[in-house]
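Here is the naming used below: chain letters follow the sequence lines, and residue numbers restart at 1 for every chain.
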Number of protein chains: 2
Amino acid sequence: MSGAMSKRPEFCDAARQLLGERGFTQDPELVDPWLTDWRGRYTGRALGMASPATTQEVSALVKLCAAHGVPLVPQGGNSGMSGGATPDDSGDALVISLRRMNRITRLDEDAREVTCEAGVILQTLHEAAEAVGLRFPLTLGGKGSATIGGLISTNAGGTQVLRHGSMRAQVLGIEAVMADGSVFDSLVPLKKDNRGFDLKQLLIGSEGTLGVITGATLRLLPALADRAVLWAGLDDIRAARRLLVHTQKQAGDALEGFEVMPRHSLDAVLAHKPGARAPLQQAHEWHALIELAADASDVDTLHDRAQALLESAFEAGLVEDATIAMNETQAEEFWTLRDEIAPAERALGPAMQHDISVPVAQMAEFVAETVPQVEAHFPGVRAVAFGHLGDGNVHYHVLAPAGAVPGEWEASQGKDISAYVHDLVTRWGGSISAEHGIGQLKRDELGRLGDPVQLAIMRQVKQALDPRGLLNPGKLVPLAREAHSH
Amino acid sequence: MSGAMSKRPEFCDAARQLLGERGFTQDPELVDPWLTDWRGRYTGRALGMASPATTQEVSALVKLCAAHGVPLVPQGGNSGMSGGATPDDSGDALVISLRRMNRITRLDEDAREVTCEAGVILQTLHEAAEAVGLRFPLTLGGKGSATIGGLISTNAGGTQVLRHGSMRAQVLGIEAVMADGSVFDSLVPLKKDNRGFDLKQLLIGSEGTLGVITGATLRLLPALADRAVLWAGLDDIRAARRLLVHTQKQAGDALEGFEVMPRHSLDAVLAHKPGARAPLQQAHEWHALIELAADASDVDTLHDRAQALLESAFEAGLVEDATIAMNETQAEEFWTLRDEIAPAERALGPAMQHDISVPVAQMAEFVAETVPQVEAHFPGVRAVAFGHLGDGNVHYHVLAPAGAVPGEWEASQGKDISAYVHDLVTRWGGSISAEHGIGQLKRDELGRLGDPVQLAIMRQVKQALDPRGLLNPGKLVPLAREAHSH
C-alpha cells in the first residue's frame, strides 16, 4: 500500500461517502492481506478495498469508478489459482470484495433451487443444502473460503464434475453489475428461455472482466444416501480408459467419480502420510479410484451394482486386482490417498504443475505418449499425471531432478517446461487451463497458443462490454496492445 | 423472386463461380419454396439461394457477402416456428442453405460423442445413434426436416427437456463462420476448458445473427431399455405441481417426462381422434402424463419403481385416480392423447398460441390465476394451457369465441390477446419465448418487454461481432434504430 494512499483522493472520499466506514478502507492492515494471491505468486497494490453490502452499492460504486476512470478488481475468497483476483502493482485499482454480501436469500426445497449473494462461502452453501436434505453438487479444496461469485467467475471444477458438471452446469441464473453500473438481473430461474443470446453464459467464467457477479440462483440435488468406493490396480493407463468406458456402461448415472494415479504418486503418499496403507497387496503401475453414489430413489441396489461392476471388470480382463471399500471409514481412506498426492509430491521437491485437459477419449493416450517425451526433453525430471481421467483433466506435474534447489530450478527451467507441456496439450487439441482459469498466470500463454479467431472474438466482446477496460484489467483477455504492459 | 434476379449481378456471378451450379441458384422453382416459413406466416424474397458443400465454401461465401455488403439468411430445414430463417421482402438478402452439409463425420461409441455437419437432419442423427446402441436425447415434431444447425441456432426444446435439457445441454462443441468469414472452430470436445469466455454458448440460440453454424459435436446417451408411462387424474393444476415434486423425489433421474393437460384438451382429443379412449373411467379436471425411463444399467427395477410411485402418490392423496400403461401399445396411446391436442384444438376453430415459460415452481399457480383473467378480459374466449409442466413451459392457447371467423378474428383480436398474455408472463418473471425463439415473429415484443439492460448488452454484442449487420438482419435483436424498418 505504500504510496498508494495519496492517489486519487477525490475518488476515495466519494467511495467512503458512498459505502461508509465499513464499506471502504485504505488501512494497510485490513487491505494488504488481500493483495497477495492464495498461492503467494503475485502481490499487487491498490487504492483501497471496497466492501459493498448490496447490489445497489456495487452498482453505485462501479458507476463511481467509471466516472473517475478507476479500474476495479473483484474479489471473493481470494482462493483462486491463477492470480485473477490480485491487482497489478501500479496501485491504481480498487479491490472490490464481495465477502460482505453473504446472504442466502431463498432456498426452495421443492424446486431444489437456492438464490444467494455472491459472497456466500461454498461450505456455507453446502450446509444450508444439507439442512433440508439436499446437496450442492460441486466441491473443492478451498470450500472454506471460496465464494459463489468467485466460483462462477472462474467456472470452478472440482471432484464431482464427472457426473454433475462444473460450476456452469449448476447456475440457473445470475445477477451482475456491468461496466457502466447497470444491473444485469437474470436471477429468476427459467428452465426454458429462448429470448436471444444467453448472456449469463458469457459472464460465467469471464473472471470479472465483463461484469461483477453479485448473486446467483443455483440448482440443488437430492442428498446422497450412500456411496460405494472401489479401488483397482491396472498395468497401464490405457487400461484405465477401458475400465472407465466399461464403468460408464455398467453403472450409468451412478458413476460419481473416476480418478487415476500412477504408482509413483501412490508410493509418494504412502511414504509421506503416516498410517497410510495401500488398498491392494501387490504393486501396480496404475490405480483407479471409482465412486458410485445413489440418492434415496435408488440406494437399495447400489452395493449390488458395485459388486456386479467389479465382477464384470474382472471377467473382461480389465483390472489386475480390485477391492471395494468395506465401510465409510475405508472409503475415506481411499479418497485420502488421492487427496494427499499434491502435498506428498511437494515434499519430494520442486515441481511445475499444469492444469490441463484433452478430449476425454484421448487422455490415457496423451499421458502414455507425452510423459516419456517430457522426461526425454528435460533430462532428470519426472513427469507425473494424476486426477480426473473421467473429465479428460489431469494434474500434470513435472518434478525437478534430484538435488534441484527450490526456487532456482523453477526460475531456470520452469518457463521452458510449462511452454513445452502447453505446446503438447495444444497439439492434442486440449486446453492449457482445464479448471483453474487464466487470470494473470496464463494470460500470455493464452495469447501465444490460443486460436486467433477465438482470441479476436474475445477481444471484440471485451471491447464491446467494457470499452474503457476498467473491469479486472490485465486478466484473462490477452489484448494484443497490452500483452506485456502489466 | 420477381424483380430480384436483376439485383447485384456482380455478386451473383461471383457466388456462382465460387460454388458452382449446384451451390448457387436463382431459379424461382428451386428458391421460392424456401422463401416462406414453415407455418406460412412470412414470405420473403432473395437474391438467390446458396448451398455450400463445405465449411471452407461457407467461409468464402460469407467473405464475398461482406465484400459486397450482401445480407445473408442462414437456413436449415426451414421448420422454425418464428420466421427466423425467412428473408425480408426487400430481395436484398442471400439465403444460405446448410442442407448439403449433411455428413456425420465421427461417431465415437465409447466416448458417446458424434460430430456432424450443420445440415444433418435430426431423424438421421437419431438413426445413427440407435445403430450403435445409443440415443440422441432431443426430439420434436419436426425431426424429419429440422437440422442440427437449426436446432442449435434456436436452442430447440421438445419433449425430453425435463431430464436432458434443451439443445444447449447436448452441445459439446461447435464450428461456425463469423461475419468476417473467419472460422470459429471448437469442435473438439473438452469436458473441462476454462480458457476464457465460452463463446460457443453465445452462438447457441443466436438464430444466425452472430455467425453461421456449420458443424457440431454432440453428446449421446445409452439407449433406453424400457419405459413406464403413467396417467393420473387430478382435481386441480396445483395438484399436478404437488405430484411433480413428489415424483421428482421418488423417481429421481428416472423421470423422463411430466406433461399436463386440462379436461378441455382431453375432451377435444377424444372428440377429434377416431378410436381415442380416455385412460381413466371418471372425468377429471386435470391430467398428468408421467414417463419414467431406464437404460440397461437400471432397467430391472423400473416397473417396481413406477408401481411404488403410484402407490405412494395415492397414499399421499395426490391423485384422484391413476393407471400405468400395461404395455408399449398402451404407452403409445397415452402419448398420442398428448400429441393430438394441437390438431384437435385447431379443429375447434381459430386460436392464438403462445410458447411461454415461468419458473417451474410457479407454473401451476400462473395457469390457475391467469386463465380466468384472460377469459374475463376477452369475453367469449377460452384459455387453455397444456404441456411441459416439469419445464415450467406450457402451450398457452386462447381459443376464439364460438362462431368467430378464421382470419378475421386473429386480425381483429390476435395482437391484443398476445400482448395481454405476454404482459402477464412478464409480470410473473417469465419468458415470451420458451422454446420457439424470437425470429421475426416476436422481435418487437422482445423490444417492448425485454429488460433494457439485457437488450443493451445484446445490441452491444451484436454490434461487436457483426458491425455491419449482415447476419440474418431483422431477426431476434430488437435494434432500436431499425425496430420498424423491416
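With hydrogens and angles left out, the side-chain atoms of Arg195(B) and Ser431(A) include a donor and acceptor closer than 3.5 Å.
Applying the side chain to side chain contact (heavy atoms under 4.5 Å, CB included) rule to Ala306(A) yields the partners Ala228(A), Leu230(A), Leu292(A), Ile324(A); only residues at least two apart in sequence or on another chain are considered. For His422(A), the ring-ring contact (aromatic ring centres under 6.0 Å, His included) partners two or more places apart in sequence, or in a different chain, are His354(A). Phe366(B) pairs by the ring-ring contact (aromatic ring centres under 6.0 Å, His included) definition with Tyr396(B), Trp428(B), not counting sequence neighbours.
The most heavy-atom pairs under 4.5 Å with chain A, out of Gly392(B), Pro359(B), Gly450(B), come from Pro359(B). Of the listed residues (Val183(B), Leu203(B), Leu455(B)), the greatest number of heavy-atom pairs within a distance under 4.5 Å of chain A belongs to Val183(B). Note: Gly196(B) leads Pro452(B), Ala251(B), Gly252(B), Gly196(B) in heavy-atom pairs under 4.5 Å with chain A. Interface remark: of the candidates Asp295(A), Leu244(A), Val245(A), Asp355(A), Val245(A) forms the most heavy-atom pairs closer than 4.5 Å to chain B. Highest contact tally toward chain A, considering only Ala456(B), Gly429(B), Gly157(B), is held by Gly429(B) [criterion: heavy-atom pairs under 4.5 Å]. Per-residue counts of heavy-atom pairs under 4.5 Å with chain A were compared for Glu207(B), Arg112(B), His436(B); the largest is that of Arg112(B). With chain A as partner, the option from Met178(B), Lys192(B), Glu109(B) having the largest number of non-hydrogen pairs under 4.5 angstrom is Lys192(B). Your options are Arg241(A), Lys442(A), Glu113(A), and the one with the most heavy-atom pairs under 4.5 Å with chain B is Arg241(A).
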**Message:** Show, in sequence, the C-alpha distance, side-chain angles and deciding distance for Lys200(A) and Gln201(B), and conclude whether the side chain to side chain contact (heavy atoms under 4.5 Å, CB included) test is met.
**Reply:** CA-CA 9 Å; Lys200(A) 75 171 177 297; Gln201(B) 300 290 353; over 6 Å; no
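If you measure heavy-atom distances from Leu476(B) to chain A, the contacts under 4.5 Å come from the side chain alone. If you measure heavy-atom distances from Asn393(B) to chain A, the contacts under 4.5 Å come from the side chain alone. Proximity to chain A is limited to the side chain of His388(B), based on heavy atoms less than 4.5 angstrom apart. Only the side chain of Leu199(A) comes within contact range of chain B, judged by heavy atoms closer than 4.5 Å. With a 4.5 Å cut-off on non-hydrogen atoms, Gln248(B) touches chain A through its backbone and its side chain both. For Leu210(B), the part sitting under 4.5 Å from any heavy atom of chain A is the side chain, from C-beta outward, and nothing else. The parts of Ala434(B) that come within reach of chain A are both its backbone and its side chain, each placing non-hydrogen atoms under 4.5 angstrom from that chain. Of the two parts of Thr209(B), only the side chain, counted from C-beta on, holds a non-hydrogen atom closer than 4.5 Å to a non-hydrogen atom of chain A. Heavy atoms of Arg242(B) lying under 4.5 Å from chain A are absent altogether. Of the two parts of Gln250(B), only the backbone, made up of N, CA, C and O, holds a non-hydrogen atom closer than 4.5 Å to a non-hydrogen atom of chain A. There is no contact between Pro222(B) and chain A, counting heavy-atom distances below 4.5 Å. Proximity to chain A (any heavy atom under 4.5 Å) is shown, for Val161(B), by both the backbone and the side chain. Both the backbone and the side chain of Asp391(A) come within contact range of chain B, each with at least one heavy atom under 4.5 Å from a heavy atom of that chain.
We find the CZ-CD1 distance between Phe197(A) and Ile438(B) to be 11.0 Å, quoted to the nearest 0.5 Å. In this structure, Asp193(A) CG and Ile356(B) CD1 are separated by 12.0 Å, a value rounded to the nearest 0.5 Å. Distance CG/Asp300(A) to OG1/Thr301(B): 9.0 Å, rounded to 0.5 Å. Atom CD1 of Ile457(B) sits about 6.0 Å away from atom OG of Ser182(A), to the nearest 0.5 Å.
Proximity to chain A among residues 162-173 of chain B is limited to Leu162(B), Arg163(B), Arg168(B), judged by heavy-atom separations below 4.5 angstrom.
Counting heavy atoms from C-beta outward, Val461(B) and Leu202(A) have side chains that approach closer than 4.5 Å. Using a 4.5 Å cut-off on side-chain heavy atoms (C-beta onward), Phe184(A) and Asp451(B) make no contact.
Judged purely by atom type and a 3.5 angstrom limit, Asn194(A) uses its side chain to pair as donor or acceptor with the backbone of Thr154(B). Of the possible polar contacts, none joining the Asp198(A) side chain to the Gly205(B) backbone as a donor-acceptor pair under 3.5 Å is found. Here the side chain of Gln454(B) pairs a donor or acceptor atom with the backbone of Asp185(A) at under 3.5 angstrom.
Remark: Asp110(B) engages Lys249(A) in a salt bridge, criterion side-chain N to carboxylate O under 4.0 Å.
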